[in-house]
Q: 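Below you will find the structure I want to go over with you.
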Amino acid sequence: MFHPLRESVRAAIKAAVARQFGLALPDVAVEFPPNVALGDLATPAAFEIAKRLKAATGEKRPPRDIALALAEALRADLAGFDRIEVAGAGYVNLFLRRAEALLAALEAPAATLAPRFGGKVVVEHTSVNPNKSAHIGHLRNAALGDALARILRAAGETVEVHNYIDDTGAQVADVVVGFVHIEGKSLTDIEAMTGKFDDYCWDLYARVGAWYAEDESRLRLRADALRAIERREGELAALAEHIAERIARCHLATMERLGIQYDALPCESAILRLNFWADAFERLKAAGAIVYETEGRRAGCWVMRAEPEAQEAAAPADAEHDADKILVRSNGTVNYTGKDIAYHLWKLGLLDRDFHYRAFYRYPDGHIAWLGGATAAESAAPPARFGRGAAYLNVIDAGQSYAQAFVKRGALAVAPPDAQGGIAASAHIAYEKVALTPASCLELGFALSEEDRRRPFVSMSGRKGLGVKADDLLDRLESKALAHVQAHQPALPEPERRDIAHKVAVAAIRYFLLKFARTTLIAFDFADAMAEQGETGVYLLYSLVRLASIRRKLRESGLDCPAPAVALRERLPQLETWLRDDGQAANEFWALAVTALRYDTALAEARETLEPSVVAKYAFQLAQAFSAFYNRHNIRHEPNEVRRAFLMTLASLVESRLRAALSVLGIEAPERM
RNA sequence: GCGCUCAUAGCUCAGUUGGAUAGAGCAACUGCCUUCUAAGCAGUAGGUCGUAGGUUCGAGUCCUACUGGGCGCACCA
């Protein structure tokens, strides 16, 4: 509710300032005062006006004077406010008519936001190399991407979720080498293997790394494998295809445990086979986005120039590094960034080519993830046409920022004018990695050097087999939660207890990964990640479980309040007393309502900044406010029927917004726990 | 060498386009379970916001320099 309210206040202030002072303010700050006693909305605009007035006319007018005039104008222009006051040196504080606002909000949806992107948004996330188990770092990527997709959808956007499968890269080739040269296994042997295939490859991949280190000439085997895979020749290519596809399935299963689904799975092999690059190459050349180098050390390469400022900064002092990016090598082959640009042109519908699809992974709810790696012969038609987005958002770790910048430049260079806006709004959603605390490494059974032991964190390394596997962590969380549920809910049947434990585990891990801002490096610690007290996903669930419990107990006592809003509307004067005139207690009730009603501002900010932690922090704040309320006021034992309806209304409002916030974070609450 | 990013309580982190007394969790200490789930609540203690300047009515937030972390700058993917 506060989002549109804030916007209308902002507009009213601009209009009043233009009228009264003849100033056009480009931006007006409308903020939330530190507590409800100071108002529900506030603006320091008078300070800004004083400054501009002085600059424009030389007139020196005290901010407080300006604020008084502004408040006067707003009183005439804005409806729904009890009073509009001037405080301090020039703040204008706006106080809502509380009872009226609350009743109106009860009937409104939790959030109504206007779409920000001009059409479908393609969100790419997860994109784990299909050669080993997903680890906690991949989970951060997926949790971020999934939350982002949910935030955009809740904000009214159309979203398509892609998970890129790099099925032809060096990492898959390494596992192929391991199977063939270390283990002497054939495709038939591998197909017959049972057990957790991704975990098996996790170990094998680490062994291959060590095996290369023993004798570096063995790296030639990787190059051979890579070539065979790219040309789709022989047993090695067949092995790679089997491994990549099988592990991609493992990853989808891991993510499904967290409630994360995908729409499309574009494959690198298809981008090569269908030669997306040939098309992209022509368009980049035609647009003048790339140039052919005829001399110097990059002679024979096709290069994309960096921004002039970046070039200038890098070039003179440093011969070794320059800011430009090679896309086509002197031998005529395209590199990773070039392929990535081609792929993104496809995402934006700027390429006359498309993948062939086949249904790859079916979720219990009937949704299907389509693999963009089919041959023309086996091609089937997905329900909707993938790609052709108005904008893209790529969840990739911050280390890729440099390459991602060139991807965007390439797309901007090629796109027609009407597509520029969407691409400008497109972004690399950069996040810092998850590293391990030394304590976590030791807990995983990894011996650390003295030097590493002293460091605050140690990087995960698939090549060394050092990392926390996503499934293992989930297993640990689930069994810990199950022990709790068994103690607290002994009467429940086992399947239900398992379901609860699962929901608790998902809440714990998702909240843990989302409560940090994207640019914060997470030093993973088992104790922190598995905590169930304080600022945790478990705490959030607990609030919703208590709310469900209140409802259940009221029903059992025959005290259910089916339509509290109706009951309250008939007692409006009483409601106003509780919310406004009752001093401290009224402010407490209203503060809780305000916190709940700011859900849409949290959602709007998260969508604007593409930062899910905003919603995570908001959810915790709301749960905290509710917990205090819960301890102070016993709804079931409230003798006054109307007051009980009032308390229950506040509880319902909290429940609605908390549930909405959690659903956007991908967290679902059980009925009890 | 250049670019990006970070530095806030003992620890881990928030901090609303610059705004009102700098917040939370953990750890420590004190209380609260025959009363809607104590996986909880109330309270105490703990901060010259890396350093030095600058802009501003106002700076944790913006600018400059410095110090100290992390990442990136391949004809790798």
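Note that the coordinates shown come from a computational prediction; the quantities given were computed from them, not determined experimentally. Throughout, protein chains are lettered first and strands after them, A, B, ... in sequence-line order, and every chain is numbered starting at 1.
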Q: Does A:Val334 reach a base, just sugar-phosphate, or nothing at all? Heavy atoms under 4.0 Å.
A: nothing
Q: Could you work out which one of B:rG25, B:rC75, B:rA77 sits closest to the side chain of A:Glu535?
A: B:rG25
Q: Give A:Ile635 one of three labels, base, sugar-phosphate or nothing, depending on what nucleic acid heavy atoms sit under 4.0 Å from its own.
A: base
Q: Is A:Arg298 salt-bridged to A:Glu293, cutoff N-O under 4.0 Å?
A: yes
Q: Check every atom of B:rU21, B:rC13, B:rU17 against the side chain of A:Lys617 and return the nucleotide holding the closest atom.
A: B:rC13
Q: Look at the side chain of A:Leu38 and decide which nucleotide, out of B:rC13, B:rA20, B:rA77, has an atom nearest to it.
A: B:rA20
Q: Classify the nucleic acid contact of A:Asn35 as base, sugar-phosphate or nothing, counting any heavy atom under 4.0 Å across all strands shown.
A: base
Q: To the side chain of A:Cys301, which of B:rC75, B:rU16, B:rC36 is closest?
A: B:rC75
Q: Other residues, nucleotides and ligands only: do more than 12 of their heavy atoms fall within 6.0 Å of CD on A:Glu556?
A: yes
Q: Nearest to the side chain of A:Arg329, heavy atoms from C-beta on, is which of B:rA77, B:rC36, B:rU17?
A: B:rA77
Q: Of all the nucleotides listed (B:rA20, B:rA39, B:rG70), which has the minimum atom distance to the side chain of A:Gln533?
A: B:rA39
Q: Charged N to carboxylate O below 4.0 Å: is that the case for A:Glu432 and A:Arg518?
A: no
Q: Closest approach to the side chain of A:Ser330, judged atom by atom: which nucleotide of B:rA24, B:rA77, B:rC75 is it?
A: B:rC75
Q: Which nucleotide wins on minimum distance to the side chain of A:Tyr630, given the candidates B:rA14, B:rA77, B:rA38?
A: B:rA38
Q: Can you see whether A:Tyr630 engages A:Ser543 through a side-chain donor-acceptor pair at a distance of less than 3.5 angstrom?
A: no
Q: Closest approach to the side chain of A:Lys339, judged atom by atom: which nucleotide of B:rA77, B:rU12, B:rA38 is it?
A: B:rA77
Q: Which label fits B:rC33, syn or anti, where anti is any glycosidic angle not within 90° of 0?
A: syn
Q: Classify the nucleic acid contact of A:Ser543 as base, sugar-phosphate or nothing, counting any heavy atom under 4.0 Å across all strands shown.
A: nothing
Q: Donor-acceptor pair under 3.5 Å: do we get one between A:Arg10's side chain and the base of B:rU17?
A: yes
Q: B:rC36, B:rC41, B:rA38: which one has an atom nearest the side-chain heavy atoms of A:Arg546?
A: B:rA38
